[in-house]
There are 2 protein chains.
Amino acid sequence: MADAGKEITIYDIAQKLNLSAATVSRGLKDHPGINKNTKKKILATAEKMGYRFNSFASNLRKKNSNIIGVIVPRLNSNFMSDVIAGIEKVVNKAGYTLFISQSFESMQHEITNAKAMFNNRVDGILVSLAYDTTNISHFEQFTRRNIPVVFFDRVIEHEKYPAICIDNYKAANTLVSHLIEQGCNRIVHISGDQRRNVYADRTRGYQQALKDNQLPFEDELLIVNDLSQAAAIQAAKKILKMRPLPDAVFAASDFCAINCMLEIKKAGLKIPGDIAFAGFNNDQMACVVEPQLTTIDYKGFEMGEFAARMIINHLVNPGELQNTHSLVLRSELIIRESSLKAGVK
Amino acid sequence: MADAGKEITIYDIAQKLNLSAATVSRGLKDHPGINKNTKKKILATAEKMGYRFNSFASNLRKKNSNIIGVIVPRLNSNFMSDVIAGIEKVVNKAGYTLFISQSFESMQHEITNAKAMFNNRVDGILVSLAYDTTNISHFEQFTRRNIPVVFFDRVIEHEKYPAICIDNYKAANTLVSHLIEQGCNRIVHISGDQRRNVYADRTRGYQQALKDNQLPFEDELLIVNDLSQAAAIQAAKKILKMRPLPDAVFAASDFCAINCMLEIKKAGLKIPGDIAFAGFNNDQMACVVEPQLTTIDYKGFEMGEFAARMIINHLVNPGELQNTHSLVLRSELIIRESSLKAGVK
DNA sequence: AAATTCTTTGCAATCGATTGCAAAACAAAT
DNA sequence: ATTTGTTTTGCAATCGATTGCAAAGAATTT
């Protein structure tokens, strides 16, 4: 039955029970040296008096915040929401809370967010890089103070920072091989900024699959843009003008694949009959378009869990900063109508 | 050039400049009483020594955290990501940071999250309620301590808590009127838990539109479920068995509308020819399905901004807790193919 | 009964920024 | 030179939890 009047502190509890604040503090923390009955009394009194723990005082004294920062490009996908959920699960169990922020795909924002996290003294930070992040010097302030930084999904090669991602090269390779199996031999790839691992690796996987099957790669077949809706439509127009006409399009994101596909459908082409399509990420949308989109699925929740575990590990055993350096998660090819040339007429 | 060795405090800066910590503190905060040159020197030295503000000490002393808590059902929609962006914009400008968490549509989670926010001493809290939240006593701890609580979108009627939302009644009414104009007169409505304002109000709007047009409402026409994919498909099956067959379906979410529509398409019916469709929220998906979905659009970013401003107002002028009690934002009917019976054959 | 061990508890300093009040420094006016 | 007024700065207490160390108390052994 607390009232707004005054915050109750451990001193108030101590006074009421004729104990010292030290004992109350330990009692609340379930310290082994405190008598069971005393603990019980402390807990009961704290509850009755409406005590609430003051993390500021605690953090000040202990010099850590029990907060993990998370910077992501955007929160608006199922994938990201799953990642966050996975992180939350692990992190909460370890007694930490999250401080989430969006970079909106801009390095400027990312830098600002990193600064804010730094000033808020997060104990560790999880990052999926923005679309246009070219260097990562804004994370040096963390490593300099031994605050662990872990990248996930949109990662960057750097010996200092562990990274969690899927094998984008292999996934793309598998996907493109599937398209080739379906009889496609002139496959366009639409990708994003090649400085981002996820896009560069997918491009490599695509090219390797062509090579493995003795298909020629031509520069014209690779379209690099920002994967936005506008870009997808523009790409579609470009594709429609290509001669000979490509017989498949593999876009590095479902969103882009879908928008491109719709534009091409609008031009009267049959999918997958004339052109097969495939995307990446298994977005909810992929099941909603017609035809349903072949794509690569990987589990955001799992990725979040692993990333969080890695951070927590670093915090628990501060010594072994590089025990597990990087981690590659499983991904899976999901075949749907948009690429099934064989099956459909 | 800070190194990991030691945290620099205002005392260190004070010592180096032969000043008192008080002056340094004021200098860093741009206090009017401090000489301009002194300020400049303080700032420069702080920068050079690698000082970082210790918010724990500050919070402890000032008894506020400058943190605003946000609890939302899920982060996985464009809508929510926009809301968060709007909130962030306003809140950051006012010197606050965000503490975001997801309830995953569960009241249990919501309660836990509220507790965590409370213990982390947020200065205010913004909430969009979970699907199954029946009572809101878990927010009383905040009001009891004069911590402002503002609801948005999924709100609840309560004189203590201001709320920001659109006029769901009017929006649904407009939408259903549009369907009727298109010649529909047997309109099914699929909605969510009627204890949630957004769903109850949309249902009322739907029913009123029928009444306004002298159309009979039958219980059979209202399907209440959890709006999930499975529920949408089940609803579709139910609709297909109705005699006479309905000529329109209005679902309280785009996701549900789309899944239901796809199932009905699969059964061979023409949309909108046989059955017209409409959803709610203008999700990205709505433009991706075929036919594109008629829906109601409202601006998440704006809603976030307003909600944040309301909280910040309460924090700045703690007196007038109920100056603006609630706020209704604009929404707009977006007409697309799925409801255009007139236009399409 | 004395000595030893194990349990419990308390003392007091510490973390770093803030702020009311007072004092010092300086400039301007008499 | 003295008084008055204006800028600048400093003193010192405060916020509340933590923890190394020591001491008191209880239980056990000789």
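As the structure is a prediction and not an experimental result, all values here were calculated from the model. Convention: sequence-line order gives letters A, B, ...; per-chain numbering from 1.
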Any side-chain N or O of B/Ser20 under 4.0 Å from OP1/OP2 of D/dT9? no
Which of these, B/His138, B/Glu110, B/Arg195, B/Gln108, sits in a side-chain hydrogen bond (donor to acceptor under 3.5 Å, both in side chains) with B/Thr133? B/Glu110
Please step through side-chain contact (heavy atoms from CB on, under 4.5 Å) for the pair A/Tyr161 and A/Val150, ending with a clear verdict. CA-CA 6 Å; A/Tyr161 307 106; A/Val150 172; over 6 Å; no
Measure CG/B/Asn59 against C1'/C/dC15 and give the value in whole Å, please. 14 Å
Given B/Arg196 and B/Glu105, is the salt bridge (Lys or Arg N to Asp or Glu O under 4.0 Å) satisfied, shown in steps? CA-CA 12 Å; B/Arg196 259 317 51 82; B/Glu105 300 286 10; over 6 Å; no
Would you mind reading off the distance between A/Glu7 atom CD and D/dA17 atom C1', rounded to a whole angstrom? 14 Å
Face-on cation placement of A/Arg52 at B/Phe118 ring, 6.0 Å and 45° thresholds: yes
Distance test, side-chain N/O of A/Lys63 to OP1/OP2 of C/dG16, below 4.0 Å: yes
Rounded to whole angstroms, how far apart are CG on B/Leu60 and C1' on D/dG16? 6 Å
Tell me the interatomic distance from B/Arg61, atom CZ, to D/dA12, atom P, rounded to whole angstroms. 16 Å
Write down the distance between CD (A/Gln15) and C1' (C/dC11), rounded to a whole number of angstrom. 17 Å
So that I can tick it off, tell me whether A/Glu88 and A/Lys93 are bridged by a salt bridge, with the cut-off set at under 4.0 angstrom between side-chain N and carboxylate O. no
Check the phosphate of C/dA12 against A/Tyr11, side-chain N and O only, distance under 4.0 Å to OP1 or OP2. Yes or no? no
Closest to the A/Leu19 side chain: D/dT9, C/dG10, D/dA17? C/dG10
Atom CG of B/Asn54 and atom C1' of D/dG16: how far apart are they, to the nearest Å? 14 Å
Residue mapping more 5' on DNA chain C - nearest nucleotide basis, A/Asn18 or A/Lys62: A/Asn18
Protein-nucleotide distance (A/Ile10, atom CD1; D/dG16, atom P), rounded to Å: 10 Å
Inspect the contact between A/Lys299 and A/Asp82 and indicate whether a charged nitrogen and a carboxylate oxygen are less than 4.0 angstrom apart. no
Separation of D/dT18 atom C1' from A/Phe56 atom CZ, nearest Å, is 17 Å
Starting at the 5' end of DNA chain D, which residue's closest nucleotide do you reach first, B/Thr23 or B/Arg121? B/Thr23
Tell me, with the steps shown, if B/Tyr96 and B/Ile67 meet side-chain contact (heavy atoms from CB on, under 4.5 Å). CA-CA 5 Å; B/Tyr96 290 79; B/Ile67 293 174; over 6 Å; no
By a strict heavy-atom criterion of less than 4.0 Å, which residues belonging to residues 25-44 of chain A are in contact with DNA chain D? A/Ser25, A/Arg26, A/Lys29
